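Structure first, then comments.
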Amino acid sequence: MQDRYDPKSIEPKWQQRWADLSVDKAGGRTGAPKYYVLAMLPYPSGEMHMGHARVYSITDVLARYYRKKGLDVLHPFGWDSFGLPAENAAIKEGVHPALRTPRNIASFKQDVIAMGISVDWSREIATSDPEYYRWNQWFFLKMLELGIVYRRRSKVNFCPSCNTVLANEQVEDGLCWRCGSKVLEREIPEWAFRITRYADALLEGLEKLDWPERVVAMQRNWIGRSDGLEIDFPLVDSGNAKIRVFTTRADTIFGATYMAVAPDHPLLKLAPAEKKAELAAFAEKIRAAKKALGEGAQMAEKEGVDTGLRARNPFTNQEIPVWAANFVLSGYGTGAVMSVPAHDERDLEFATRYQLPVKYVVRPSDDEEVTVVAARKLVADQKAYTDYGFLFDSGQFSGMPSAQARLAIAAEAQRRAIGKPAVNYHLRDWGFSRQRYWGTPIPIVYCDKDDPEHKGIPVPVDQLPVVLPDIDVKEVLTGMGEPPLAKVSSWINTTCPKCGGPARREAETMDTFVDSAWYFARYLDPKNDQLPFSREAADRFLPVDVYVGGPEHAVMHLLYFRFWTKVMKELGLCNIDEPAQRLVTQGIVKGRDGEKMSKSKGNVVSPRDIIGRYGADTARLFILFAAPAEKDMDWSDEQVEGQYRFLGRLWRLVHGALPKLEGRADPAGAMGEALEARRKAHRTVAKVTQQLERLQFNTAISSLMELSNALTGLEPADAAAKGALHEALSLLVQLLAPLAPHMAEELWAELGNSAATREDELTLRAWPTADPALVAEDLVTVAVQVNGKLRGQIQIAAAAPEDQVRAAAAADPKVVPWLEGKQIKKVVVIPKRLVNFVVAG
RNA sequence: GCGAGAGUGGCGGAACUGGCAGACGCGCCGGCCUUAGGAGCCGGUGGGGCAACUCGUGCGGGUUCGAGUCCCGCCUCUCGCACCA
């Protein structure tokens, strides 16, 4: 034993012992329920940062807690080791990603171990390992068969100077990150997942998940289902041509006074000759503007051009003008809208600018008088009435409420064969081709003979994996020209699986979101060379019980992850609908200045430094104590010191008590102070258990501090009291174990519970249970109120009957003056808590 | 604009299904110990008032014996989406 708490001398020792005993291995407790706790897959930068430390602190507390509860806990770890950062670093520094990546992993892994994170390293995976990514290729081929993977043309960012395609991250303010040239748009073929096929399944699945509302809302919004009507507006004097629109407000169709189409709408070719030049110029202008503004930028003012075309409103039979407008998106719905300026803000803004007619057809009430006034006010204020209401000036539909009219008008359109109900989604298919080197090769070859149109011939499954070739970094990873793999002639040139003749491999690689879409399942069976994972393993451990990671993954990763799970079920690999039942999105860690930690701000605090100075237990306690898991937290050196001091006090508390524990007896006979200590300890067991179940780590730690404070300064009077103190300290240490495991192991041993074998380890590992007799209170403090204001407090037996409690409350000296001479109208008694006298006057 | 979340001491934050607001920690104040302490220990700490008491959970209403908690109407902040028809 040492005099002072010195984390450096105890933490590595216990980390070594945990590793030696393999206490963290999953799968050993076949009879027990499983518990799968997972942190989001990290990109292996060379050093763990605070955000990582926070995630792993959370998952590790859960892993250790449930292991102690006797569950078969799976807490695995792996590396998202493919991707752009490694490739960009290679382009800049000329170091091959395959060299850099293992170094980064080793360094990061050291940090994870130094934090005392209890990981089953026998299941470690790295996505850049061919034994991992071969299964990406396997999935690709299966999904190609099912029609979930397909080839399409799509627009990409292209740098004309580097002659290469750029990822969105490589475009800065519309300029190439490398050479600063203006980025162009270009159409190229790419591979895509038909995730839209699962839009409704992904939407419905959200209902059953125990996920933060914020994330659920973002996913719902991202999928963006909207139900409406597609309906044709015939063009006037243009033969049979008609413009199809999508609307969710069919009830307003009698108010459609013009149409608006996207600037590149195909039917604009029917526009009168004299308009063609103007329309072409407009389309070009809008395209250029969109490109320059980039994504997320505020769109300019609404703008349009009268196409000269005229359409007929199929319900009013009136002729209405057709405009090309910048606010209509060619990629959504039919690329054309019926404009109802009276009932749509956007349509009104446009109509106002170009002086198009506004016709109100829905009103808030079916009362003529009210309506006229309301309508006048709307016109005077130049406001659209966008709420549902009652129809007027709408022929046979007048008087109907909007909700009903929507359906009735849709039915009528269907009857007349000019429209049909339609559903639109914001969700787009997931294009996953990347013109990069450091990713999973797409297992496709192109053969001029067997595949003249270059649709792609799948590589046979038994030829997987298609392994990335080794390359000369300086020659291949230039960031310029054709895709990197196309430059590796020894690799790109291959033989056709069909004819055996010369063929070329697909030069593109997969988006790294593919890697992270299913890694959680590979952990179950990481060495399987027949399948991504066995059905047996899946049935044992899926789904993930708690998934922890940053809210920045709310849509992309978490949507792909869910999508992939649905595909895996379709393939019969597993029988779950959703990959993770519960999601915890942890808040960000801010620096000393209250700003988000970042290198550029110079406010980064490194976990490595904190562990070096205070030890992992302090780092863990600080991180868990500073804020609830889901909230942002500020870094505070003082609070870190505070946790270090707490651990120091605990150390001295136990070591100071050791001599007093000699000659202890069964605590059952303890009285007075010692009995109170036992009670406090058992109550803390009950409390902390509940707090850990609820992921309330900050209050769990404060409960331990309370117990520690209560036990400080106790002088056991007899043998039973000594036993009581020993019991209370042992419980305190056991409760501490998931949170500050090294300290707990050390003190547990000091308290005479040696941990030399795996079985002894399991003694500490068993989670304590509270003795109900000690948790129950026999004497309680009851608050006494008069007219809802606190006037006194009484101590009384918990079991005292109500009239006794009432009498004692009324007799309390502090309460008496407030009741004197008053008439008591009512007395509210809440057992064990409070008495409230309601008096007159 | 739409969606989600949050407003409680000097600070981070507690408060189970309405029941003693401010647990726990930081900071601060006082004391002890010490050659010394930026170590440790003990005590205090929402505002006002000597006190009895009183005021206090973003603002304004309401329900209730009783509201940080429930209802209605606002304000502010954070995050996400943003011409989605």
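Residue numbers begin at 1 in each chain, while the letters A, B, ... track the order of the sequences. Here the structure is a predicted model, which means the values were calculated and not measured.
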Walk along nucleotides 3-17 of chain B from 5' to 3' and tag each nucleotide B, S or - by protein heavy-atom contact under 4.0 Å, base first, then sugar-phosphate.
SSS------BSS-B-

Give the B/S/- string for nucleotides 28-51 of chain B, one per nucleotide from 5' to 3', where a protein heavy atom under 4.0 Å of the base yields B, of only the sugar-phosphate yields S, and otherwise -.
------------SSS---------

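Electrostatic pairing of A/Arg249 and A/Asp251 counts as a salt bridge here, judged by a charged N lying under 4.0 Å from a carboxylate O.
The side chain of A/Trp818 lies closest to B/rU54 when the candidates are B/rU54, B/rC20, B/rA85. The listed nucleotides are B/rC65, B/rC83, B/rG25; the one nearest the side chain of A/Val838 is B/rC65. Comparing B/rG27, B/rC84, B/rC65 by their nearest atom to the side chain of A/Glu638 picks out B/rG27.
Among the protein residues, A/Asn709 comes within range of the sugar-phosphate backbone only, with heavy atoms under 4.0 Å from sugar or phosphate atoms but none that close to a base.
Aromatic ring centroids of A/Phe513 and A/Trp430 lie 6.0 Å or more apart.
B/rG9: glycosidic angle within 90° of 0, hence syn.
Judged by closest nucleotide on RNA chain B, A/Glu706 is the one of A/Glu706 and A/Thr247 placed further toward the 5' end.
The 12-atom threshold is not exceeded at CZ of A/Arg613, counting heavy atoms of other residues, nucleotides or ligands nearer than 6.0 Å.
Taken residue by residue, residues 260-268 of chain A places no heavy atom nearer than 4.0 Å to RNA chain B.
Separation of the P atoms belonging to B/rC70 and B/rG19 is 11 Å when rounded to the nearest angstrom.
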